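Structure first, commentary second.
Residue numbers start from 1 in every chain, and the chains themselves are labelled A, B, ... in the order their sequence lines are given, proteins ahead of strands. Since this is a predicted model, take the numbers as computed values, not measurements.
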Protein chains: 2
Amino acid sequence: MPAQSTHELIVEKADALFYEGGFDATSFADIAAAVGISRGNFYHHFKTKDDILDAVIGRRMERTRAMLEAWKAEGESPRERILSFIHMLIANRTQIMDFGCPVGTLCSELTKLDHAAQSRATEILGLFRDWLTEQMRALGAPDQAETLALHLLSWSQGVAVMATAFKDEAFIRNEVAGIERWLSSLPNLTHST
Amino acid sequence: MPAQSTHELIVEKADALFYEGGFDATSFADIAAAVGISRGNFYHHFKTKDDILDAVIGRRMERTRAMLEAWKAEGESPRERILSFIHMLIANRTQIMDFGCPVGTLCSELTKLDHAAQSRATEILGLFRDWLTEQMRALGAPDQAETLALHLLSWSQGVAVMATAFKDEAFIRNEVAGIERWLSSLPNLTHST
DNA sequence: GAATAACTAGGACAAGTGTCCTAGTTTCGT
DNA sequence: ACGAAACTAGGACACTTGTCCTAGTTATTC
């Protein structure tokens, strides 16, 4: 692995800081301190703060795409692949209880700030939606696939918000168990109605 | 109705601005402009910005309590009362698509800011949780009442986040219909297992 | 009606913001 | 080895931030 470029390091540190403290509340000074460079030097790498946000969103999209691809390779069946998505809530439970879902909270913040990048941030959620739709379709529910995908995505967003508010790990585990039961019952639901 | 005091007017305007633009991004100048008073005059009414936040949270708690009480008086059965909660998503759909859930987004923001008032904001969610728990208990599910209440609250939070991100009114209506079906199926679930 | 309190506008204050410039230093292609 | 490009630190810039002071005005109380 080659030495990380300053450019990449800035995006990486900004990514973490935006997640932990929010985009608006994170200043150039914060990022510069985290990277270990001078504040003025920033201009050479990024003209504006929005450029950093763009880069961070791009990084998140790329990593999300890679993660979804990996789940495709690992999971034997669509059901197992969907379980990989669900288990993110368990694997990242500590961070979720501290800072919420990285994607959901960013979308919410950018919406309130009326920021132009809001649509790009939503595209990350769109990646999950489309991937889950694909898996649902493979599961044998072609007509309701997107509806089911949006429902599952919504479910996980709700769990993240509640977990952040109440700092309740048992709640996360309980809801994840509920999602798993729901997933198991899906074929039945497909046949009914 | 007596003329609204300046104090109350400040809290009211700050409440709306915090909801629409977020707490951190809303400045004293913004609130002063909305109220129509000078910026410096603020100090006489509120010593710090955190004091305004405290007042706003207090106002929201009071109004939430009143709303929940009203739903108790209006709804004949616990099921109808829970439906009042659910239909908030429909009634406030426009604002939710623009700014999300007032409570959920505030909790998320204050958590990221590591703000001392985060626990007080969570108390508002706690009001909903306790009220829903009470209704669930009355519905005939005493042992799982709080679990069901948290699940419903989580569900609505997820819908709010997704609706904000995708600006999709059809999704809201679809999920609300799903919640209604879930609510109808509840007694059966109580008897099983 | 005088004294006290409540309220107001305007501005000062230091600190922090995003942005941008200048002047050096290092690295790299040739 | 040399010129160009990449990179760096430090600081200036205009502006906004939350906070606080002063000096007036209005309202209330006895």
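Listed by chain and number, the residues in a ring pair (Phe, Tyr, Trp, His ring centres under 6.0 Å) with A:His7 are A:Phe46 (sequence neighbours excluded). Legend: residues meeting side chain to side chain donor-acceptor pair (under 3.5 Å) with B:Ser27, ordered by chain and number and at least two apart, are B:Asp30. Evaluation of the side chain to side chain donor-acceptor pair (under 3.5 Å) rule for B:Lys167 yields no partner, not counting sequence neighbours. A search for side chain to side chain donor-acceptor pair (under 3.5 Å) contacts involving A:Arg60 returns A:Asp15, not counting sequence neighbours. The side chain to side chain donor-acceptor pair (under 3.5 Å) test applied to A:Glu180 returns A:His87, not counting sequence neighbours. Under the side-chain contact (heavy atoms from CB on, under 4.5 Å) criterion, B:Thr48 pairs with B:Asp50, B:Asp51, not counting sequence neighbours.
With a cutoff of under 4.0 Å to any heavy atom of chain B, the contacted region of DNA chain D is bounded 5' to 3' by D:dT17 to D:dC21.
Of the possible donor and acceptor atoms, none in the side chain of B:Thr26 sits under 3.5 Å from a partner among the backbone N and O of B:Gly21.
A donor-acceptor contact under 3.5 angstrom links the side chains of B:Gln118 and B:Thr111, judged on distance only.
The stretch residues 14-22 of chain A does not touch DNA chain D, since none of its heavy atoms comes less than 4.0 Å from the strand. Within residues 36-53 of chain B, the residues having any heavy atom closer than 4.0 Å to DNA chain C are, in order of number, B:Ile37, B:Ser38, B:Arg39, B:Gly40, B:Asn41, B:His44, B:His45.
Between A:Phe85 and A:Phe128, the distance from one ring center to the other falls under 6.0 angstrom.
The pair B:Arg81-B:Glu76 fails the salt-bridge criterion, with no side-chain N (NZ, NE, NH1 or NH2) lying under 4.0 Å from an Asp/Glu carboxylate O.
Applying the ring pair (Phe, Tyr, Trp, His ring centres under 6.0 Å) test to residues at least two apart or on different chains, the pairs with a partner in residues 137-163 of chain B are A:His151-B:Trp155, A:Trp155-B:His151, B:His151-B:Trp155, B:His151-B:Trp182, B:Trp155-B:Trp182.
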For nucleotides 14-16 of chain C, which of its nitrogen or oxygen atoms have a protein nitrogen or oxygen under 3.5 Å away, and what is each distance?
none

Enumerate donor-acceptor pairs with a distance under 3.5 Å from any side-chain N or O in residues 90-103 of chain B to protein atoms, sequence neighbours excluded.
| from | atom 1 | to | atom 2 | distance (Å) |
| --- | --- | --- | --- | --- |
| B:Arg93 | NE | B:Glu169 | OE2 | 2.8 |
| B:Arg93 | NH1 | B:Ile90 | O | 2.9 |

